[in-house]
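Notes for the one structure printed next.
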Number of protein chains: 4
Amino acid sequence: MKNVDATQDKRRDILEAAEQVFTANGFTAAKMDDIAELAGVAKGTLYLYFDSKQDLFVSLLEDRIWEYVATLTSKLEEVRSVKCFVQTLAKVRGQLFVRNQRLLESLSHSLPNFSKEHRLRIWNLRKGLEEPTIEALARLLPPDHPVAPLKAAAMVNGALDYTVGTLILHGQPVVLEDVARDLEYVLLPGLSQVLGKG
Amino acid sequence: MKNVDATQDKRRDILEAAEQVFTANGFTAAKMDDIAELAGVAKGTLYLYFDSKQDLFVSLLEDRIWEYVATLTSKLEEVRSVKCFVQTLAKVRGQLFVRNQRLLESLSHSLPNFSKEHRLRIWNLRKGLEEPTIEALARLLPPDHPVAPLKAAAMVNGALDYTVGTLILHGQPVVLEDVARDLEYVLLPGLSQVLGKG
Amino acid sequence: MKNVDATQDKRRDILEAAEQVFTANGFTAAKMDDIAELAGVAKGTLYLYFDSKQDLFVSLLEDRIWEYVATLTSKLEEVRSVKCFVQTLAKVRGQLFVRNQRLLESLSHSLPNFSKEHRLRIWNLRKGLEEPTIEALARLLPPDHPVAPLKAAAMVNGALDYTVGTLILHGQPVVLEDVARDLEYVLLPGLSQVLGKG
Amino acid sequence: MKNVDATQDKRRDILEAAEQVFTANGFTAAKMDDIAELAGVAKGTLYLYFDSKQDLFVSLLEDRIWEYVATLTSKLEEVRSVKCFVQTLAKVRGQLFVRNQRLLESLSHSLPNFSKEHRLRIWNLRKGLEEPTIEALARLLPPDHPVAPLKAAAMVNGALDYTVGTLILHGQPVVLEDVARDLEYVLLPGLSQVLGKG
DNA sequence: AATGAATGAGCATTCATTCAT
DNA sequence: TATGAATGAATGCTCATTCAT
């Protein structure tokens, strides 16, 4: 029991250190040395918990994203209107993005030289990340809305992520309630309108 | 004159090769060897035209982005409505994004280990990239629209980029006219509405 | 008593595992991890029975070779003719070689980076390995045979080992009786002839 | 012209350094750093001339062995008797062995973890090394000699190599003429006798 | 201006050995 | 005795940059 806990603790320490280092430098420029030092373990210890740098990176993404996907999915299940959807999404995905902005951007960059297995795992993550949004929109959009849920989801997620990213870039504080309000103001009418009205 | 032209030609060759290699691998994983080979010059020649790998990378971004910014700025100057703005943006920025998606995503990842000078140049690029959109929206949004142009621009750009990115990710063809139509359908009502109406 | 037996059993398990791993990979490429796993003990346990990887390796050689030397010595003591000597040698040394070919070849390769103590132990092994052959030939060769027993032994052992090694290399079955016959045919006349006749 | 020469010189320097280091330590324990230092070049330079440590090792073996095979083949072509054959072999192969004893022993040890391509190259070397001896014996042995040339060659080569090796091991000077005489005395009668006589 | 051979700092990964339990 | 998690020195290989030609 104690051992399992200790092991989980150390694994978490490493993931946390990896998050910081990968976030700060991107995959290729990140050094295993730095991750080990930040985690307070020896370099060799990293390889007791993860097979390789690639595996550590992908495992980190999985850890962070599956947790988020689970949270978002359950929260969106209770949602009954596009308006409520936008608010919920802004809060949950906004939080993910504030914390993991640079990590998420890594999703695309890390791919090219990865092994087939790791590419597959990343691909699954990328799709999984959009899944809850797409499903919620498929359920909530007016039945004859002309924009496919896949694209609508891309627009909502893109608008949200870019707004948060822009605030960060400009050094402004990110208040997710404000972002939600703006998002709602800009997107809600278009997402709610039915075909005849457009 | 002839020399100047030849010099410009070679510089262009190198930039073109660099674009392909950086696009395919990201900054750190890209190799100067590959760029030289693809450009058809010797490795040492790269250093006659660019000070370093960082300089080559930033110069490439500048070359591509300033060209785009100029184009977009002039096109948007003629625009007189939000609707027309969305269509124009989708076409021009969409093209930039289709061609340079991976390059643009590099903007954030390459920063951390860059020299102060290069970080500044990239910072300017990132802001410049959004500038025309912000200015156009500042001019075109209803005067009492509650969403600041900075954020509105982020939303529009984010929605556009993500939609295109999603299509690419899913292996679907990117038809910018369709994207423009969807964008218009989703964003136009929210961007056009006046405060009292919201 | 029981403890001693259990201890001896475990020691034997480890040596057996070590034999397989060293045989398959040579000294440097062999991993203590693999030996431990194959022996069914934890890595740390190896160090309860042997001081180091070097010690394990040399101990293994000693175990196998002293056993062989004892067997061969006793069998050769009963031998009364060069012909019988060749047959006996082919059988006993042949068996050793079939089983330990790769291990024996390690004798020379492992030396350089070994500690002085281990080098000495290996040196003794190498000489001990030839000893019974030299002694038997010193007794059996015609009294005025011009080839010194040391060299004659080298020739017989070399001819035998290479023949077996060649058969193994070519994937042919090693039938020691056949090897003995061929060896006898080629070597016996030269070893038996007296000086005047040569 | 000059460049080609300089390149060949450096390649030769590296091979010479590699020979010493591989000879002294065996493949796995040899360090690329040491080879580079001994060759008087930077570590990276090794990789301009050879793809990898494995490639360097196999290339070295090929360089040394093919040269020997060519020499031996041409010398043995002129040989008309088993007696003359033994003398010639002792001289030529003896020289190879004196110089490359440890390298040749590496032939078998280096194999296990090598890539398929390198294993094939080594396999070819091992067979090529015996080829001239086998061919000469196939031509020179009495027509009805019961020992196959393959095995007879193994015996002669084994006897020769072990004798030289034993002398080296015991710190005695290696005089190839003496070795040839002893070899002749022990092996010639058996190799020359015809079936009826045996 | 152009070349490309040479450099060497840098990095992911391995593995013999230790030691707290 | 026995364990196996942790260590960190060691090593093969890469690649941006330089410089003699």
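The chains referred to below are lettered A, B, ... by the order of the sequence lines, with proteins before strands, and numbering in each begins at 1.
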To the nearest 0.5 Å, what is the distance between CG on D:Asn100 and CZ on D:Phe22?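 Going from CG on D:Asn100 over to CZ on D:Phe22, the span is 13.5 Å.
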In this structure, how many angstroms lie between the [atom2] atom of [N] and the [atom1] atom of [X], rounded?
X: C:Ile14; N: F:dT3; atom1: CD1; atom2: P; answer: 9 Å
X: B:Met32; N: F:dT17; atom1: CE; atom2: C1'; answer: 9 Å
X: C:His118; N: E:dA16; atom1: NE2; atom2: C1'; answer: 14 Å
X: D:Phe57; N: F:dG12; atom1: CZ; atom2: C1'; answer: 16 Å
X: C:Phe22; N: E:dC15; atom1: CZ; atom2: C1'; answer: 13 Å
X: C:Asp9; N: F:dT1; atom1: CG; atom2: P; answer: 13 Å
X: A:Asp33; N: E:dG10; atom1: CG; atom2: C1'; answer: 10 Å
X: A:Arg11; N: F:dA5; atom1: CZ; atom2: C1'; answer: 16 Å

Looking only at side-chain N and O atoms, does C:Lys31 come under 4.0 Å of OP1 or OP2 in E:dC15?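 Yes, because at least one side-chain N or O of C:Lys31 sits under 4.0 Å from OP1 or OP2 of E:dC15.
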So, OP1 or OP2 of E:dA6: does either fall under 4.0 Å of a side-chain N or O from D:Lys10?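 It does, given that an N or O in the side chain of D:Lys10 lies less than 4.0 Å from OP1 or OP2 of E:dA6.
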May I ask you to say what B:Ala30 touches in the nucleic acid, namely base, sugar-phosphate or nothing, with a heavy-atom cut-off under 4.0 Å?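 Sugar-phosphate, backbone atoms only, no base.
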How is D:Ala36 classified with respect to the nucleic acid when contacts are heavy atoms under 4.0 Å: base, sugar-phosphate, or nothing?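 Touches nothing.
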Quick one: look up who F:dT21 pairs with, Watson-Crick or G-U, both distances under 3.5 Å, and put none if it's unpaired.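 Its partner is E:dA2 (Watson-Crick or G-U wobble, both distances under 3.5 Å).
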Decide whether D:Arg121 and D:Ser59 meet the rule of one side-chain donor and one side-chain acceptor closer than 3.5 Å.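 Yes, side-chain donor-acceptor contact under 3.5 Å.
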Can you list, in residue-number order, the parts of residues 44-55 of chain B that come under 4.0 Å of DNA chain F, counting heavy atoms only?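 Those residues are B:Tyr47, B:Ser52, B:Lys53.
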For B:Val41 and for D:Gly40, locate the closest nucleotide of DNA chain E by heavy-atom distance; then report the residue assigned to the nucleotide nearer the 5' terminus.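 It is B:Val41 whose nearest nucleotide is closer to the 5' end.
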Of the nucleotides F:dG4, E:dT17, E:dA5, which one has an atom closest to the side chain of B:Lys43?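 Among the listed nucleotides, the one closest to the side chain of B:Lys43 is E:dA5.
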Regarding D:Asp9 and D:Arg12, does a basic nitrogen lie under 4.0 Å from an acidic carboxylate oxygen?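 A salt bridge is present here (some side-chain N lies under 4.0 Å from a carboxylate O).
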